[in-house]
Amino acid sequence: MAEQFVKEDRYIRNFKTLSHDEQNILEKATVSIIGLGGLGGTVTEMLARTGVGNLRLVDGDIFETSNLNRQLLSEEHLIGSPKADAAKKRVIAVNSSVHVDAHHKYADESNLFDIIKGSDLVVDCLDTIDSRFVLQKSASKAGIPVVSGAIAGVSGQVTVIFPEDQGFELIYGKKAIEQSRGVETQTGNISYCALFIAALQSSECLKVLLNRGDILRNKLLIADLWSNSFEVMDLI
Amino acid sequence: MIKIDLKLFVTLSKFLPGEGESFQVDEGTSIGGLIENLSIPSAQVKLIFVNGKKVASDYRLQQGDRVGLFPPVGGG
C-alpha cells in the first residue's frame with residue numbers, strides 16, 4: 001500500500017529523539033518477531049508505530065478467551081482467529097508504510113532459520129524456555145542478535161543476546177526438558193506487566209538497530225512491580 | 001552474625017522470613033546454605049545475584065551483601 005501520509009508528518013514526534021538518519025535506518029530494517037501473544041503483539045505495535053520498515057510476524061496460535069486480559073491484539077470477535085493475521089492487520093492499520101510478512105505457523109527448529117534469515121534482529125516473545133533455546137540456536141547460526149523478554153505475574157526480565165554469546169544458558173542453565181515452563185504457570189500474567197516488558201524489549205530493539213545507548217548484552221534487566229524493583233544484573 | 005539485604009522474587013517471596021530485607025546469617029554461610037535455611041527447594045532458584053552480579057550457590061555471604069534470588073521465568 002502506498003504511503004498515505006507524509007513521512008515527515010508521521011514521525012515528527014520522533015525527530016527530537018531520533019535523527020532523520022536513524023529514522024531511515026529503522027525504515028530499512030527487518031525485524032522478526034517470534035511469538036505474538038502478550039509480549040509480541042505489543043512489540044509489533046510499538047515497532048510499527050516507531051517506523052521499523054519490515055516486520056516478519058510469526059505465531060501458529062489462535063486467540064483464546066484467556067488472552068483478552070493482556071494481549072493487545074486480542075479482541076472478543078477475534079477469538080479463534082490466527083494471531084499472525086491480527087498482527088498484520090494491526091500493523092497495516094497503524095502504519096501502512098510498513099512491509100509485513102505474517103506467518104501463521106509455529107516457529108521450530110525445522111523452519112526458524114529460514115524465517116529469520118536476512119533479518120537485522122529477532123525478538124523473542126515466546127512462552128516456553130526450551131523454544132527460546134531453539135530460537136537462540138537458529139539466530140546464532142544466522143548471525144542475528146536476539147532481544148528476549150519473559151514474564152510471570154507482575155515480574156519480568158529482558159536481555160539481549162548476540163550470536164557469539166552464551167545467552168540463555170546464563171539465565172536458565174543448561175537446556176533441560178523439565179525447564180519447558182517457568183513460574184508463569186503458577187502466577188499467570190497481568191496485562192500491565194506484559195506491556196511494560198514489551199516496551200523494554202522495543203527499546204532494546206531500537207538501541208541494537210541504531211547501535212545507540214546501553215544495550216542489555218550479557219545483562220539481565222529484572223523488574224518486579226509489587227516491590228517496584230528494577231535492576232540490571234551482570235550475567236558474566 | 002552478619003547482615004545481608006535479601007530479596008526473593010516472584011514465587012520465592014513466600015519464603016521470605018519475617019525480618020524481610022535486612023536479614024542476619026552466620027558468618028561464612030554460603031548462598032546454598034541460605035537457601036536451605038529458608039527451606040526453599042533449590043530447583044526453584046534459577047538465578048542468584050549478589051550486589052548486581054550473578055554468582056554460584058557456593059558464594060560465601062559477606063556483611064552488607066545485597067542478595068536476590070530469582071525463579072525461572074519464561075512466559076510471553
Side-chain angles (χ1 to χ4, degrees), chain A residues 34-41 43 59 70-71 123-132 148-157 168 170-173 176 178-189 193-194 197-198 201 218-220 222-224 226-227 229 231-236, chain B residues 3-25 29-36 38-76:
Chain A
I34 314 299
L36 299 169
L39 296 175
V43 170
D59 199 320
R70 69 194 185 285
Q71 297 190 15
V123 195
D124 163 28
C125 300
L126 290 161
D127 61 358
T128 67
I129 293 170
D130 49 359
S131 63
R132 295 173 190 273
S148 175
I151 48 174
V154 296
S155 297
Q157 61 192 36
F168 291 129
L170 295 172
I171 297 170
Y172 299 115
E178 70 268 20
Q179 283 194 338
S180 182
R181 297 271 177 178
V183 293
E184 64 280 359
T185 56
Q186 300 167 49
T187 62
N189 291 302
C193 185
I197 293 298
Q201 285 183 277
N218 291 320
K219 295 176 188 292
L220 187 68
I222 291 179
D224 176 72
W226 288 132
S227 60
S229 299
E231 300 195 53
V232 176
M233 308 290 192
D234 292 325
L235 290 170
I236 55 172
Chain B
K3 265 191 180 175
I4 60 166
D5 283 339
L6 179 62
K7 201 167 251 180
L8 304 181
F9 288 91
V10 206
T11 47
L12 302 182
S13 62
K14 61 177 180 267
F15 296 101
L16 193 69
E19 297 95 307
E21 289 205 351
S22 187
F23 186 64
Q24 288 202 333
V25 295
T29 302
S30 68
I31 298 270
L34 173 71
I35 290 169
E36 201 178 318
L38 294 173
S39 304
I40 304 173
S42 58
Q44 292 186 24
V45 180
K46 192 50 75 178
L47 281 168
I48 304 164
F49 294 106
V50 174
N51 303 326
K53 287 189 187 323
K54 185 187 173 195
V55 299
S57 60
D58 60 356
Y59 174 89
R60 300 276 165 191
L61 291 163
Q62 294 173 36
Q63 175 72 25
D65 275 347
R66 287 174 56 244
V67 181
L69 305 182
F70 215 75
V73 167

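Predicted, not measured: the structure shown is a model, and the values here were computed from it. Numbers restart at 1 for each chain; the letters A, B, ... are given by sequence-line order, proteins then strands.
Of the listed residues (A:I171, A:N189, A:T187), the greatest number of heavy-atom pairs within a distance under 4.5 Å of chain B belongs to A:I171. Contact count against chain B (heavy-atom pairs under 4.5 Å) is highest for A:V183 among A:L39, A:I129, A:V183. Here B:G52 is the residue among B:P71, B:S13, B:G52 with the most heavy-atom pairs under 4.5 Å with chain A. Counting heavy-atom pairs closer than 4.5 Å to chain B, the top-ranked of the candidates A:R132, A:K219, A:R70 is A:R132.
Looking at A:I151, both its backbone and its side chain come within 4.5 Å of chain B, counting heavy atoms on both sides. For a residue to count as touching a neighbouring chain, one of its non-hydrogen atoms must lie under 4.5 Å from one of that chain's; by this rule A:L220 touches chain B with the side chain only. At a 4.5 Å heavy-atom cutoff, the contact between A:V232 and chain B is made by backbone atoms alone. Of the two parts of A:T128, only the backbone, made up of N, CA, C and O, holds a non-hydrogen atom closer than 4.5 Å to a non-hydrogen atom of chain B.
In plain terms, the two heavy atoms of B:L47 and A:L170 that are nearest each other are CD2-O, 3.5 Å. Taking every heavy atom of both residues into account, A:Q186 and B:T11 meet most closely at OE1-CG2, 3.5 Å. Looking at every heavy atom in both residues, A:A150 comes nearest to B:G74 through CB-CA, 3.9 Å.
Residues B:F49 and A:L235 have side chains in contact (heavy-atom distance under 4.5 Å, counting atoms from C-beta outward).
Donor-acceptor pairing under 3.5 Å is recorded for the side chains of A:S229 and B:K7.
Taking CG from B:L8 and CG from A:D224, the interatomic distance works out to 11.0 Å, rounded to the nearest 0.5 Å. Considering CD of A:Q157 and CZ of B:F9, their distance stands at 11.0 Å, rounded to 0.5 Å.
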